[in-house]
Amino acid sequence: MFVRHFFCETAHGYFIVQISSAKFLCSAPDLDACPVGSLPEFAFIGRSNVGKSSLLNLLAGEHGLARVSPTPGFTKMINIFDINKTWRLVDLPGYGFAEGAKKDSARFNKAVANYLKCRESLSLVFALVDSGLPPQDMDLEFIEWLVRHGVPFVLVFTKADKAAAAAVQANIAAFMERIAAWFVQPPTAFTCSAQSGQGRQELLGVIDETLTAIRAQAGDEFAPAPAPKKRPDRQRPW
Ligand SMILES: Nc1nc2c(ncn2[C@@H]2O[C@H](COP(=O)(O)OP(=O)(O)OP(=O)(O)O)[C@@H](O)[C@H]2O)c(=O)[nH]1
Ligand SMILES: [Mg+2]
């Protein structure tokens, strides 16, 4: 089967993948329940209420695709969406919210940790941080966890429409400074708003680059993306 590539040129002059179809595939309680032989996956993670589901909808171009709520801890399953029938977006439960006496859920959900550590088709993680807040210990700990486990990620500072631009810049600078010592080269960071659409093209550009790298690694630029045996083996630019 030959898979067509859909591209369009952004205002910044580089190409992004065009979304031609976005469909809910399944809700999995844990890694074992995730579909086997998977297409490349791009997952959204961050504290509860940081805007993961909203950002997924923004990228997919469909408001109601993933369910959004002002109630923290709303997304409770690993929700997988097929995009263009060739790759996937994955909405994960957040961390930092304890419901009732379940103190465990305030920390990192075990099913999510397993997914991030072991999912072979996981190509890239979007690690979301609220741009309206100064660095939070829980986010810093989580980024350190991603680094320690070698999970490929980019940082996404969310809700940029909510705070004054100067405050957003100061919060991002403070966060980058707190994590700087863990990297030779700091991770790539994006500033986004699900409300205004800011950052959509840049994040789709990152997805496109990653898919291209996976296909190049498979040895055929224009073949359909195979289920990767392992994550893309390349010098991480982030
Ligand atoms: N102003 C503004 N509000 C946002 C933005 N993104 C999300 N929100 C709001 O923040 C709340 C939480 O959004 P969700 O997308 O459900 O957040 P989540 O991270 O998926 O939350 P959980 O599933 O509970 O972990 C909702 O009320 C959204 O409308 C944004 O960019 N700007
Ligand atoms: Mg959610």
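Start at 1 with the first residue, then count along the sequence. Counting starts at 1 for both ligands and their atoms, following the listed order.
Note on residues 40-49: pairs passing salt bridge (charged side-chain N to carboxylate O under 4.0 Å, His left out), not counting sequence neighbours, are Glu41-Arg88, Glu41-Arg119, Arg47-Asp139. For residues 25-35, the set of pairs meeting the side-chain hydrogen bond (donor to acceptor under 3.5 Å, both in side chains) definition, not counting sequence neighbours, comprises Ser27-Asn79.
Within the listing of ligand 1, atoms 24 (O) sit less than 4.0 angstrom from a heavy atom of Thr71. The Ser193 neighbourhood of ligand 1 comprises atoms 31 (O), with distances under 4.0 Å to a heavy atom of that residue. Interface of Gly73 with ligand 1, defined as ligand atoms under 4.0 Å from a residue heavy atom, comprises 24 (O). Set against the non-hydrogen atoms of Ser53, the atoms of ligand 1 under 4.0 Å away are 15 (O), 20 (O). Short contacts between ligand 1 and Pro72, defined as distances under 4.0 Å to a heavy atom of the residue, involve ligand atoms 24 (O). Every atom of ligand 1 is numbered from 1 in the order shown, and the set under 4.0 Å from a heavy atom of Asn49 is 11 (C), 12 (C), 17 (O), 18 (P), 19 (O), 21 (O), 22 (P), 24 (O), 25 (O).
Side-chain contact between Ile45 and Val50 is absent, with no heavy-atom pair separated by less than 4.5 Å. Considering only heavy atoms from C-beta on, Pro35 comes within 4.5 Å of Leu25 through its side chain. Within the 4.5 Å cutoff, side-chain heavy atoms of Arg200 are placed close to those of Leu59.
With hydrogens and angles left out, the side-chain atoms of Ser196 and Asp161 include no donor and acceptor closer than 3.5 Å. For the residue pair Asn84 / Ser20, a side-chain donor-acceptor distance below 3.5 Å is found, with atom types taken as modelled. For the residue pair Ser123 / Thr210, no side-chain donor-acceptor distance below 3.5 Å is found, with atom types taken as modelled.
Counting heavy atoms closer than 4.0 Å to ligand 1, residue Lys162 contributes side-chain atoms (C-beta onward) but none from N, CA, C or O. At a 4.0 Å heavy-atom cut-off, ligand 1 touches Asp161 through the side chain alone. With a 4.0 Å cut-off on non-hydrogen atoms, Ala194 touches ligand 1 through its backbone as well as its side chain. Proximity of Ser48 to ligand 1, defined as any heavy-atom pair under 4.0 Å, is shared by backbone and side chain alike.
Nearest residue to atom 11 (C) of ligand 1 from Ser54, Ser69, Gly51, Gly197 is Ser69 (criterion: closest heavy atom). For atom 27 (O) of ligand 1, the choice among Ala66, Ser131, Pro70, Gly94 with the nearest heavy atom turns out to be Pro70.
Tyr95 and Phe142 have tilted rings, their planes meeting at an angle from 30° to 60° on a 0 to 90° scale.
Under a hydrophobic-cluster definition in which Ile, Leu, Val, Met, Phe, Trp and Tyr are linked whenever side-chain heavy atoms come within less than 4.5 Å, directly or via other members, Met77 and Phe24 are assigned to different clusters.
Annotation: atom 28 (C) of ligand 1 to nearest protein heavy atom, Val68 CG1, 3.7 Å. With respect to atom 19 (O) of ligand 1, the closest heavy atom belonging to the protein is Lys52 NZ, 2.7 Å. Thr75 OG1, 2.8 Å is the protein heavy atom nearest to atom 23 (O) of ligand 1. Of the protein's non-hydrogen atoms, Lys159 CE, 3.7 Å is the one closest to atom 8 (N) of ligand 1.
Scored by the side chain to side chain donor-acceptor pair (under 3.5 Å) test, Glu144 finds Arg148 as partners (sequence neighbours excluded).
Only protein atoms were considered; those of element N, O or S under 2.8 Å from the Mg ion (ligand 2) number 2.
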Could you go through the side-chain contact (heavy atoms from CB on, under 4.5 Å) check for Trp87 and Phe42 one step at a time? CA-CA 8 Å; Trp87 50 279; Phe42 298 84; 3.8 Å; yes
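Across Leu92, Val90, Ile207, Leu155, a single residue satisfies side-chain contact (heavy atoms from CB on, under 4.5 Å) together with Phe126, and that is Ile207.
The distance between the ring centers of Phe157 and Phe175 falls below 6.0 angstrom.
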